[in-house]
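Numbering starts at 1 and runs along the sequence shown. Below, each value reflects all heavy atoms present in this structure, side chains not excepted, and no hydrogens, waters or symmetry copies.
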Amino acid sequence: KRMSKRAALASKRKIWDTNDASIDAAQTAVDHWESTYNTLRSALITSITSAQSIYNTAKTGASGIEHHLLVPVRDYVILPAFTGVERVTSESVGFLQSEEAKELASVSLEIVRRTPIIGEGLLAPVLVNGVKCVQVAWEVAKYPIPSKDAVRCSVDRIMTGTKWVIRTSSREIYFYAKLVDATITRSLMHTQWRVLKSGPYATLDNNHRREVIDHICERYLSLKTTFSRYELAAHIKAHNRCLYDDLVVSGLLLDRCRKSKSGVEKNDEGNNDDDDDLWLLSCPIYRKENECPIFLQSTSFKSR
């Protein structure tokens, strides 16, 4: 495990943290292409130069024939042949660059396509792709070879942009994955509420329940206004009866409220000044005051 971790970290430092490996690979590829290009160019130039020198030598030799028997052959056969070759070559170059050559190529391609069996499926695609490859190779050959500084700058920009895209995409994918997971969890929780009539708190063990209770007690004690504390207690009672029993009915939340206000002096009735949280009591005063008149009125009405 240690060796694999070290190898992974070394690979990360070499490939991800810096662009030197990619720059070196690109520069090596450019160097190989430059050497290949120079070799092919030298071979082509040498071949053309050799052919031209042989042609010039042959033409010079033919022009130097002075034998009286061969002079007619020179004037009427050999020299006109050289002139015809030069004219055909120049006309061919001009024709290849004209519009007629393109029309002739189109007509030839249609003829090839009409060839039975292999014309449409084999010969025509081979010819078209071959011409395209030659054109692309010619365009690439005409393109100037970049310098090492240009290669370094270009590769560095490309790799930096690519890494930024990968990093940003990974971050966004992770964010949306968490969002989908939270949405699914929330949907399952809502389903549990609707079907089982209880939240996830009812399925927790004692340790996790204690953590939830501690967190809610801290939140309750952090609220400044009486209305906010009452609203939180009422919300818990309405939506999670099991949690409300463990917090309020058991008297745990009231004990923690009194401990948090242990420095406050007791009043004459023996209650703390935290009597503004009366809803935490098992039998609050306002409930007694509301129940007694109701019973008195109901009994007096029945007696009448």
Open item on the list: Tell me whether Asn240 contacts the main-chain N or O of Ile236 through its side chain, where contact means a donor paired with an acceptor under 3.5 Å.
Closed with: no
Task: Interatomic spacing from CG in Asp245 to NZ in Lys237 - rounded to 0.5 Å - done: 9.5 Å
Task: Pair Leu280-Tyr220, side chain to side chain contact (heavy atoms under 4.5 Å, CB included): steps then yes or no - done: CA-CA 12 Å; Leu280 298 179; Tyr220 182 88; 3.6 Å; yes
- [ ] Is it possible for you to say whether Leu40 and Trp33 belong to one hydrophobic cluster, with membership spreading through side-chain heavy-atom contacts below 4.5 Å?
- [x] no
TODO: State plainly whether one hydrophobic cluster holds both Val126 and Ile111, where clusters connect Ile, Leu, Val, Met, Phe, Trp and Tyr through side-chain heavy atoms under 4.5 angstrom apart.
DONE: no
Open item on the list: When you group the ILVMFWY residues by side-chain heavy-atom contacts below 4.5 Å and let the links chain together, are Val112 and Val128 in the same group?
Closed with: no
Task: Rounded distance (nearest 0.5 Å) linking atom CG of Asp149 with atom CD of Gln27 - done: 8.5 Å
Open item on the list: I need the minimum non-hydrogen distance between Arg113 and Ala124, along with the two atoms involved.
Closed with: CG-CB, 3.5 Å
Task: Taking every non-hydrogen atom, the tightest pair across Arg74 and Ser63 - done: NH1-O, 3.6 Å
- [ ] Using atom types as modelled and distance alone, determine if a side-chain donor or acceptor of Ser154 lies under 3.5 Å from a backbone N or O of Val151.
- [x] no
Open item on the list: Would you compute the distance between atom CG of Leu232 and atom CD1 of Ile216 and round it to the nearest 0.5 angstrom?
Closed with: 7.0 Å
- [ ] Answer yes if Val131 and Leu104 sit in the same cluster of Ile, Leu, Val, Met, Phe, Trp and Tyr residues linked by side chain heavy atoms under 4.5 Å apart, and no otherwise.
- [x] no
TODO: Locate the shortest heavy-atom distance separating Arg229 from Lys224; write the atom from each residue and the value.
DONE: NH1-O, 3.3 Å
Open item on the list: Heavy-atom count check: over 12 atoms from other residues, nucleotides or ligands less than 6.0 Å from Lys163 NZ?
Closed with: yes
TODO: For Asn56, look at atom CG and say whether over 12 heavy atoms of other residues, nucleotides or ligands are found less than 6.0 Å away.
DONE: yes
Open item on the list: I'd like to know if the side chain of Ser169 and the backbone of Ile166 have a donor-acceptor N/O pair within less than 3.5 Å.
Closed with: no
Task: Main-chain N/O of Arg157 paired to Thr160 side chain as donor or acceptor, under 3.5 Å - done: no
- [ ] Examine distances only and state if a side-chain atom of Asn129 and a backbone atom of Pro125 form a donor-acceptor pair shorter than 3.5 Å.
- [x] yes
Open item on the list: I'd like to know whether Asp255 forms a salt bridge (charged side-chain N to carboxylate O under 4.0 Å, His left out) with Lys259, so could you lay out the CA-CA distance, the side-chain angles of the two residues, the decisive distance to 0.1 Å, and finally the verdict.
Closed with: CA-CA 6 Å; Asp255 292 339; Lys259 288 180 182 179; over 6 Å; no
Open item on the list: For a quick check under 3.5 Å, do Arg210 and Asn207 share a side-chain donor-acceptor pair by atom type?
Closed with: yes
TODO: Any chance you could lay out the side chain to side chain contact (heavy atoms under 4.5 Å, CB included) test for Asp214 and Arg256, step after step, and finish with the verdict?
DONE: CA-CA 10 Å; Asp214 293 339; Arg256 295 199 179 184; 2.9 Å; yes
Task: Separation of Leu127 CG from Leu122 CG (nearest 0.5 Å) - done: 9.0 Å
Open item on the list: Assigning hydrophobic clusters by single linkage (Ile, Leu, Val, Met, Phe, Trp, Tyr; side-chain heavy-atom cutoff under 4.5 Å), is Val30 placed with Ile158?
Closed with: no
Task: Arg241 CZ to Asp246 CG distance, which is reported to the nearest 0.5 Å - done: 11.0 Å
Open item on the list: Taking Phe82's backbone N and O only, do any of them form a donor-acceptor pair with Tyr55's side chain (distance below 3.5 Å, no angle check)?
Closed with: yes
TODO: For the residue pair Thr226 and Trp279, establish whether any side-chain heavy-atom pair is separated by less than 4.5 Å.
DONE: yes
- [ ] Could you tell me the separation between the CD1 atom of Ile45 and the CD atom of Gln52, rounded to the nearest 0.5 Å?
- [x] 12.0 Å
